[in-house]
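Below: the structure, in structure tokens.
Labels below follow one simple rule: chain letters A, B, ... track the order of the sequence lines, proteins then strands, and each chain is numbered from 1. Only a predicted model underlies this, so the values are computations on that prediction, with no experimental measurement involved.
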Amino acid sequence: MASLAKELSAAAGAAFEAMGLEARFGEVRRSDKPELADFQCNGAMAAAKAAGRNPREIAGEIAAKLKAHALVLSAEVAGPGFINLRVSDAALSARAEAVRGDAMAGGEKAAAPERITLDFGGPNVAKPMHVGHLRSAVIGDTLQRLLKFLGDTVISDVHLGDWGLQMGHLVTELEDEQPGLIYFDAGYTGPYPAQSPVTIEDLGRLYPQASIKAKADEARNERSQKAVAEMQAGRAGYRALLRHFIDVSVEALKADYGFLNVSFDLWKGESDVDHLIPGLVERFKAAGLAEESDGAWIVHVAKESDKKEMPPVMLVNSRGGTGYHTTDLATIEDRMTALSPKPERMLYVVDQRQALHFEQVYRAAGLLGLIDESRLEHIGFGTVNGTDGKPFKTREGGVLRLADLQEMAVAEATKKIDAAGKLPEDMGPGERADVARKVAVAALRFSDLMNTRITNYVFDLDRFTSFEGKTGPYLLYAAVRVKSVLRKAAEAGHQPGAVAVTEDAERALVLQLDGFGAALLGAREKRMPHILCEHLYSLAQAFSAFYGALPIASEPDAAKRASRLALADAVRHQLETGLDLLGITVPERM
RNA sequence: GACUCCGUAGCUCAGCUGGAUAGAGCGCUCGCCUUCUAAGCGAGUGGUCGCAGGUUCAAAUCCUGCCGGGGUCACCA
């Protein structure tokens, strides 16, 4: 059974078509005047304009046809041509049961699913993740879950930053510390030890050390550049070290991502496509797309229609090296040739500040025919700011590490849980710690996701971890309370049964449940998770109102009790399904 | 300078493919636990939708200009 809104839209659309008007005018949505209607259709006014007719007249004819529909209780014309619809209690009851029994909790698959690669994360090897990586991780992972849920075939890739000057810095700095390592013997041909010569702590120390030296000393910087060139040329010892650096880093990265419930299908990096670069460059040259300029090879990607300046793609720099334009292009080629099934769309969840970079890369990819330019999408997002409106910094002015942020969030959640003192007495320390962790993750993920992706937001841990207001913890509380009611009822031998909606609070709750599918599809279409967040928050609110207004498990009438338990179970199902898409897990008790 | 994003309640933000008295959370003021988790619910308070024009029966929403803020603009990714 499709959503009520969809059924009504189809009916209204058919009515418009029968009048020789476009079906799209029949779009029916939740009424923004609950005291007047359950649903509304505004299409008559737009249709009247297009057809040169009287809007109220058209609305009247549509309303008359809709009155005959099985779901419809009443259809009235109001104002200049609004059609206000009420649906029957029976229709709402059936809808609630359908949601409860539906594997997608009332959602529906996308009409045209696609094969998509999702590029997000983008952490650098050897550099600890910081607060700036939070958004890409959380937004990317949520899109991954959402798209898969809606039927798309998604392959996610963390796209490690594991190629470039930083690797040169690491190699040379390590050589200075431990010159005797076998990796630095150019004459040695292997095999190399399986055990890494460095730990993640070593990497975290070596990189900044080298970076500082290189900035002050040009010769030191040159050494790193040279090491990179040799690595790119295939020097075995350096490649073996690179492998160790990546493996050691990935282990640490997985811990950070794991805390946030973020996962990837692929852990590939820039270094994995290095071998494709020479051929790619040659093809650009052969196609006449690349030209030499100031000793570099560039690709012009400007179009006549451009209103802005469009700098060229830097294919090969004047020192003969390649940068991230080229590795990104090589990555596109790799995905188009190595992945099965072959992707038909590629999404990049990366900071909005990279918008120009991606536009350049997409154009170049289109020019060479790697993939149609329109199939490449940059999903940009704003920065995480401090209360001063500037990118978030620690009190000391440094960049906040993601691991520290997580620790802070857990500490804050623990503090609030302890202060409230609401956890069950019999809950042991292990379960308490688990609850605190889930609250912290819910707080971090929800507060990030509920903001419109594109804008910056102010990071306020105290607010995010609050159980009051539009927060992750509030949603967890609501979900846990539903579960608690259902569990208690089951213990008393009361089971959910047939739904028979009668009360206003019940009607409002089912109408909210009905909007899940539209919220999911809207979030997918716009790549905007906050649309789903809004829906789930409203659902939690509607349930809380329902819970406050009517007895559920404690309702004495058996039929009403069974009906309300079924409603509660439908809410639990949709809430848990939706929160799971946000990467938020609900504890059994809290 | 060009391009781009943003400017909505005291604060943090939704709404923006035009539609009814502009919504939410926080804050503040009231009220509600001898029935299911009050980490909750209900009621109230609070807005010249940056400014000025334009299009339209209808503009927070579309167009133009201006003001204010963030961001980006070829060899670091």
Inset, instruction - Establish, from distance only, whether the side-chain atoms of A:S211 and A:H169 form a donor-acceptor pair under 3.5 Å. - result: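 Absent: no donor and acceptor within the cut-off.
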Inset, instruction - Answer yes if the ring centres of A:F459 and A:F464 are under 6.0 angstrom apart, and no otherwise. - result: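 When the ring centroids of A:F459 and A:F464 are compared, they turn out to be within the sub-6.0 Å range.
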Legend entry - Residues that A:H133 engages under side-chain hydrogen bond (donor to acceptor under 3.5 Å, both in side chains), provided they are two or more places apart: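 Testing A:H133 for side-chain hydrogen bond (donor to acceptor under 3.5 Å, both in side chains), a comparison that skips the adjacent residues, returns none.
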Inset, instruction - Check whether NZ of the Lys or CZ of the Arg A:R481 lies under 6.0 Å from the centre of the six-membered ring of A:Y547 and within 45 degrees of that ring's axis. - result: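 The answer is yes, since A:R481 meets both limits relative to A:Y547.
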Atom pairs, N/O to N/O, protein against nucleotides 2-10 of chain B, distance under 3.5 Å?
none

Inset, instruction - Could you work out the separation of B:C5 and B:G46 based on their C1' atoms and round it to a whole Å? - result: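 Looking at atom C1' only, B:C5 and B:G46 are 29 Å apart.
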With sugar-phosphate meaning primed atoms plus P, OP1 and OP2, does [X] contact a base, only sugar-phosphate, or nothing at under 4.0 Å between heavy atoms?
X      : answer
A:E555 : nothing
A:L486 : nothing
A:N84  : base
A:S544 : sugar-phosphate

Legend entry - Residues forming a side chain to side chain contact (heavy atoms under 4.5 Å, CB included) with A:N54, sequence neighbours excluded: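 Side chain to side chain contact (heavy atoms under 4.5 Å, CB included) check on A:N54 returns A:R56, A:E57.
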Inset, instruction - Run through A:M528, A:K526, A:Q352 and flag the one making a side chain to side chain contact (heavy atoms under 4.5 Å, CB included) with A:R453. - result: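 Single side chain to side chain contact (heavy atoms under 4.5 Å, CB included) partner of A:R453 among A:M528, A:K526, A:Q352: A:M528.
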Legend entry - Test: A:R572 and A:D569 ion pair at under 4.0 Å: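 Salt bridge: yes.
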Legend entry - Side-chain heavy atoms of A:P473 within contact of A:Y477, under 4.5 Å: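 Not touching, per the 4.5 Å side-chain cut-off.
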Below 3.5 Å between N/O atoms, which protein atoms pair up with nucleotides 55-58 of chain B? Just atom names and distances, please.
| residue | atom | partner | partner atom | Å |
| --- | --- | --- | --- | --- |
| B:U56 | O2' | A:K49 | NZ | 3.4 |
| B:A58 | N6 | A:K49 | NZ | 3.4 |

Legend entry - Results of ring pair (Phe, Tyr, Trp, His ring centres under 6.0 Å) for A:F381 - residues two or more places apart only: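 Partners of A:F381 under the ring pair (Phe, Tyr, Trp, His ring centres under 6.0 Å) test: none.
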Sort me out a list of protein N/O and nucleotides 25-34 of chain B N/O pairs below 3.5 Å, or just none if empty.
| residue | atom | partner | partner atom | Å |
| --- | --- | --- | --- | --- |
| B:G25 | OP1 | A:Q541 | NE2 | 3.3 |
| B:G25 | O2' | A:K470 | N | 3.2 |

